[in-house]
Amino acid sequence: MKELKGADGIRHRDKTLDKSVLVDPDNALTLHRGLKARQVSMITLGGSLGTGLIIGSGTALVRGGPLGLWFGYSFMGFICYLVMIALGEMGAYLPHKKGFAGYATRYVDPAFGFALGWNYLFKYFVQTTNNVNAAGAVVQYWTLSLPIEVWMVIYIALIFAINLLGIRVFGEFEFWFCSIKVVALVGLILMGLIIDLGGNPQHDRIGFRYWRPPNGPLGDYLINEVHNTQLSQFLGFWSTLTTALFSYIGTELIGVTVGETQHPRKNVPKAIRRMFFRILVFYVGGTFVISLTVPSTNNTLFVANTSKAGAAASPFVVATTLAGIRVINHVINAVVLIFVLSASNSDLYIGSRTLYGLAVERKAPRIFAKVNRMGVPWPSLVLCTLVCFLTFLNASSSSSAAFGWFSNLIASFGAITWMCISYTHIAFMRALKAQGIDRSTLPYRAPLQPFGSWFALCFTGVVLTFNGFSTFLPFVSSSFVTSYIAIPIFVILWVGYKVYFRTTTIPAAEVDLITGKQEIDEEEEEFLAREKLKGPRSRLQRIWDAL
């Protein structure tokens, strides 16, 4: 914000939004649009497939039972879809390079954008650290001879190197990482179904056996504290919503990748449309298979105990062990490791781009807006990498305890992010209506609106409010802090910025829907012209692009 000297001689901060922060920097000083359609599509899917589904689902199964696990993930999947289509509508209309915090700045209030941006950055500080911690736990399935700290250093160095090589290299790495994840998860789902139907060494047809007592259909969470079966079953189901929210966190990375996506007006809507089917197949289908093949009373599930070794880091590994299938459990554990490393890689990417976006908007030190010749914001990348070493806190606590604390923090920061995206989209729709712009003219029109964004905003707020209910039964200070610390941090950032710069909420009729749009339109036309000069695409090339 600018400072002006009034007639009284006192310097006052200008409450108007500086339009220069709405325009992307010059090409030589900004991110490069190097992500191809197939890369964006695969990263949108695979980037969110990580520890929450592959490892954290074990916690949800123990607490919520098979029915609670499946329904909790299904319902939060619907909420996730509502948030993603809202973000997709804004991203397709104005695919700038400042992330969705830039939309909050433009459509709501600079203070709101500042708080959202830093909230999201803190979330990825924690999430990258959490995935490195989870990778250490996964590798301990094989050996405890090498200290976990050594593995953590190797993981951090690997993901830093991949991100430093530029968006094209990163995009290609993530495309293949995510491809392996998708193929592997399809294989795991099919394998689970085969095991359940009797195609296992024991020729035991499991069916819905684990959905019946004493394993299901619902779990008895905190039964010794509440002394009421119905209440404990409800609490078990409710806890799965938080775990599911943690699992889905990361799908919103499409709002970050739009700044480095080729032909975003076409490719962003394409990725968003595919999101529903991916949620249905991988999350809903994956948790359903887990509920069929692993009893919720199994005491080897990750986070169900305080074992330091990740001897059963994934419910999928537990399923093969229980079915008497040998060797393949090691293959699955290797696949789980790829899941976690890929998630760490994309997390580091998002964190560095979020910090870059804040710096471009002058809401973070300007040094973090610097990029190298490959378009990599290297100061932001270095800082986010250094924060990863917080994972050494795991050395003084069990893997499961650290994973639980980090999961609480990520779920809280993530819930606030989803609420802000939903509210920003509501403000965006208000601005379109106030300025006479028909939503049907947009490159992508989100369905189920405006009710979808309002429902996502309200229900995510309820989940956030009761995120840490278990910390009171009995009261555990460490869990309470990690469950709720994100709320005061966000409020302090929002109010502090608003008070210091004296910003006001932007009226719908005054929201800037134009600045920077022409430059992006011209960029789109230049890209299409270059593609046309390449000549017609072969059938094989079209299939490859459609992946």
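Minimum interatomic distance between F114 and T105 (heavy atoms only, all atoms of both residues): N-OG1, 4.4 Å. Listed here is the closest heavy atom pair of I290 and P315: CG2-CB, 3.8 Å. The shortest non-hydrogen separation linking V126 to I410 is CG1-CG1, 3.8 Å. Listed here is the closest heavy atom pair of E174 and N345: OE2-ND2, 2.9 Å. When all heavy atoms of L245 and A411 are compared, the closest pair comes out as CD2-O, 3.6 Å. Taking every heavy atom of both residues into account, I189 and G285 meet most closely at CD1-C, 4.2 Å.
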Please evaluate residues R366 and R362 with respect to the criterion side chain to side chain contact (heavy atoms under 4.5 Å, CB included), reporting the C-alpha separation (whole Å), side-chain torsions for both, the decisive distance (0.1 Å), and the verdict.
CA-CA 7 Å; R366 291 290 293 172; R362 302 169 194 169; 3.9 Å; yes

Side chain to side chain contact (heavy atoms under 4.5 Å, CB included) between Y356 and V371, worked out
CA-CA 9 Å; Y356 165 84; V371 299; 3.8 Å; yes

Determine, stepwise, if the pair F413 / F490 fulfils ring-ring contact (aromatic ring centres under 6.0 Å, His included).
CA-CA 9 Å; F413 283 126; F490 180 81; 9.7 Å; no

Please test F177 against I162 for side chain to side chain contact (heavy atoms under 4.5 Å, CB included), starting from the C-alpha separation and ending with a verdict.
CA-CA 12 Å; F177 270 149; I162 293 174; 4.2 Å; yes

Test side chain to side chain contact (heavy atoms under 4.5 Å, CB included) applied to F466 and T242, step by step:
CA-CA 9 Å; F466 296 100; T242 301; over 6 Å; no

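Side chains of L322 and T293 form no contact here, defined as non-hydrogen atoms less than 4.5 Å apart. By the 4.5 Å heavy-atom criterion applied to side chains, F469 and S483 are not counted as neighbours. At a threshold of 4.5 Å between non-hydrogen side-chain atoms, the residues L94 and Y107 count as touching. Under the 4.5 Å side-chain criterion, counting only non-hydrogen atoms from C-beta, N119 is in contact with T417.
For W378, the CH2 atom is loosely surrounded, since the number of other residues' heavy atoms within 6.0 Å does not exceed 12. Surrounding CH2 of W494 are at most 12 heavy atoms belonging to other residues, nucleotides or ligands under 6.0 Å away. Residue-environment remark: CD1 (I154) exceeds the threshold of 12 foreign heavy atoms within 6.0 Å. Other residues, nucleotides and ligands contribute over 12 non-hydrogen atoms within 6.0 Å of the CZ atom of F125.
By the 30° and 60° cut-offs, the orientation of the rings of Y124 relative to Y120 is perpendicular. Classified by interplanar angle (parallel below 30°, tilted 30° to 60°, perpendicular above 60°), the ring pair F480/F472 is perpendicular. The aromatic rings of F459 and F455 lie parallel to each other, their planes meeting at an angle below 30°, with 60° marking the opposite boundary.
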Show me the side-chain donor-acceptor pairs of residues 69-89 shorter than 3.5 Å, one per line, residues at least two apart or across chains.
from	atom 1	to	atom 2	distance (Å)
Y73	OH	G52	O	3.2
Y73	OH	S247	OG	2.7
S74	OG	W70	O	2.7
E89	OE1	R439	NH2	2.6
E89	OE1	A446	N	2.7
E89	OE2	H425	NE2	3.0
E89	OE2	R439	NE	3.2

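Note that the CD atom of Q127 and the CZ atom of F246 stand 6.0 Å from one another [nearest 0.5 Å]. With rounding to the nearest 0.5 Å, the separation of CG in L185 from CZ in F316 is 5.5 Å. Atom-to-atom distance recorded for L493:CG and L116:CG is 10.5 Å, nearest 0.5 angstrom. In this structure, CD on E172 lies 7.0 Å from CZ on F175, to the nearest 0.5 angstrom. For the atom pair CG (L121) and NZ (K363), the distance works out to 13.5 Å, reported to the nearest 0.5 Å. Within the model, atoms OG of S232 and CZ of F237 stand 14.0 Å from one another, a figure rounded to the nearest 0.5 Å.
By the side-chain contact (heavy atoms from CB on, under 4.5 Å) test, T385 is found to be paired with I156, F160, L348, L381, residues two or more places apart in sequence or in another chain being considered.
Sorted by first and then second residue, the salt bridge (charged side-chain N to carboxylate O under 4.0 Å, His left out) pairs involving residues 120-144 (not counting sequence neighbours) are K123-E252.
Partner of T128 under the side-chain contact (heavy atoms from CB on, under 4.5 Å) criterion, chosen from I159, L390, I350: I159.
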